[in-house]
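The block underneath contains the structure these notes are about, expressed in structure tokens.
Here the structure is a predicted model, which means the values were calculated and not measured. Order of the sequence lines sets the chain letters (A, B, ...), proteins ahead of strands, with each chain counted from 1.
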2 protein chains.
Amino acid sequence: MENVISLVEDRLKNGQWKLTNRRKHILTVLLENRGKHLSVEEVHGLANQKAPYVGLATVYRTLELFLLNDVVQSMDFGDGRKRYELCDPGSGGQQHHHLICIRCGNVVEFSRDLLKGLEPELNMRYKFKVETLQLNVFGFCRKCRPEKGSHQGTV
Amino acid sequence: MENVISLVEDRLKNGQWKLTNRRKHILTVLLENRGKHLSVEEVHGLANQKAPYVGLATVYRTLELFLLNDVVQSMDFGDGRKRYELCDPGSGGQQHHHLICIRCGNVVEFSRDLLKGLEPELNMRYKFKVETLQLNVFGFCRKCRPEKGSHQGTV
DNA sequence: TTCAGTGCAAATCATTTGCATACAC
DNA sequence: GTGTATGCAAATGATTTGCACTGAA
């Protein structure tokens with residue numbers, strides 16, 4: 001936990017940025033909410049359950065700064081607000097993708113491995129050098145999926 | 001061309017909607033701009049190069065109506081505006097995915113086939129029933145990709 | 001000391017909505 | 001005729017920005 005903070009500190013300092021109190025505070029919120037996909041508003045709310053107070057604009061600015069430094073990854077589930085999630089430590093960029101249930105709204109992550117073959121394929125077929133890959137899969141999760149043999153409409 | 005219009009007309013009428021002048025007009029714009037990924041603002045601009053005038057709100061409403069009826073598919077390239085593109089006639093839903101060049105902004109489509117294996121895999125491993133799949137790949141296109149062996153930073 | 005970081009309020013920008021009017025069937 | 005479609009202007013909601021003040025090195 002503590003070493004994640006100093007790891008981020010080093011990463012920021014590489015780019016002449018400071019790890020201020022507010023930024024450390026926001027980072028702590030992200031650490032305490034691993035695995036969640038937080039909107040800016042949510043981070044703001046969580047951060048301000050404790051002192052010091054952090055302004056909304058600062059949360060916006062800090063999350064974008066973290067994104068730039070591969071501290072977080074961002075995603076968009078199509079609900080009109082950007083969401084952020086801590087990257088796994090040690091590696092940069094996109095770690096995994098998301099299965100979004102269109103009935104209950106639950107979000108499940110799935111490993112990047114399932115797309116492993118895709119990058120070389122795009123490289124070969126389209127001469128396209130992949131940097132970032134964002135995949136959203138909308139559908140029905142384990143609990144909400146229609147029963148086999150029965151019929152059920154889309155929500 | 002003409003038969004696409006009547007095809008859409010039938011599809012709308014199934015759901016008690018009318019294919020009005022404005023809607024036909026917007027549909028024509030989409031037909032004349034196949035392969036492009038138009039924002040609402042762009043559709044509005046293109047539509048109003050000819051009579052009849054179409055209000056911006058109508059363009060918004062119409063494109064959402066088309067989306068609902070699988071006449072268009074929508075996408076989001078992360079630039080803060082939704083984009084729309086005509087579906088291939090005859091089939092519903094997502095047809096293909098996009099390679100977005102982060103240097104020149106060019107967008108190339110790639111066939112859904114490359115992800116063919118993914119759906120059954122998600123179904124099996126996660127018991128997830130896929131409905132829609134949105135994949136954005138950001139990177140360097142054929143023209144903009146860094147030369148082999150040389151180094152080039154991200155834009 | 002000095003420049004980056006922050007809070008606040010105002011500004012932006014895409015999208016949505018209320019309402020009176022116009023149009024399709 | 002009757003209910004949907006449309007234009008317009010106002011409302012909304014997420015995000016950004018200007019600016020004066022605060023804080024870290």
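A/H44 and A/N48 share a side-chain donor-acceptor pair at under 3.5 Å.
Residues forming a salt bridge (Lys or Arg N to Asp or Glu O under 4.0 Å) with B/E9 (at least two apart in sequence, or on another chain): B/K13. Every side chain to side chain contact (heavy atoms under 4.5 Å, CB included) that B/N33 has, sequence neighbours left out, goes to B/V29, B/K36, B/L38, B/L46. Scored by the side chain to side chain donor-acceptor pair (under 3.5 Å) test, B/D76 finds no partners at all (sequence neighbours excluded).
Between A/H98 and A/F77, a ring centre-to-centre spacing shorter than 6.0 Å is recorded.
Remark: P of C/dG5 and CG of A/L27 are 15 Å apart, rounded to the nearest angstrom. In this structure, B/L12 places its CG atom 13 Å from C1' of D/dA5, rounding to the nearest Å. Rounded to whole angstrom, the span from the CG atom of A/L65 across to the P atom of C/dA4 amounts to 13 Å. Atom CD1 in A/I26 sits about 13 Å away from atom P in C/dG5, given to the nearest Å. Taking atom NE2 of A/H25 as the reference point, atom C1' of D/dG23 lies 17 Å away to the nearest angstrom. One can place CG of B/L68 at 12 Å from P of D/dA5, the figure rounded to the nearest angstrom.
Interface residues of residues 44-54 of chain A facing DNA chain C, ordered by number: A/Y53, A/V54; criterion, heavy-atom separation under 4.0 Å.
Listed for the B/R23 side chain is a donor-acceptor partner under 3.5 Å among the backbone atoms of B/K18. Under a 3.5 Å cut-off, the side chain of A/R83 and the backbone N or O of A/S74 do not form any donor-acceptor pair.
Separation of atoms CZ (B/R22) and OG1 (B/T58) is listed at 7.5 Å; rounding is to 0.5 Å. Note that CE of B/M124 and CD of B/E119 are 12.5 Å apart. Values are rounded to the nearest 0.5 Å. Distance check, rounded to the nearest 0.5 Å: CG of A/L12 to CZ of A/F66 gives 6.0 Å.
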Should B/E41 and B/K82 be marked as a salt bridge (charged side-chain N to carboxylate O under 4.0 Å, His left out) after you check the CA-CA gap, both sets of side-chain angles, and the distance that decides it? CA-CA 10 Å; B/E41 204 68 63; B/K82 216 166 172 181; over 6 Å; no

How would you summarise protein contacts on nucleotides 13-19 of chain D per nucleotide, using B for base, S for sugar-phosphate only and - for none, with heavy-atom distances below 4.0 Å? -SBBBB-

Scan nucleotides 21-25 of chain C against the protein and return all N/O pairs shorter than 3.5 Å with their distances rounded to 0.1 Å.
from   : atom 1 : to    : atom 2 : distance (Å)
C/dA24 : OP1    : B/N21 : ND2    : 3.4

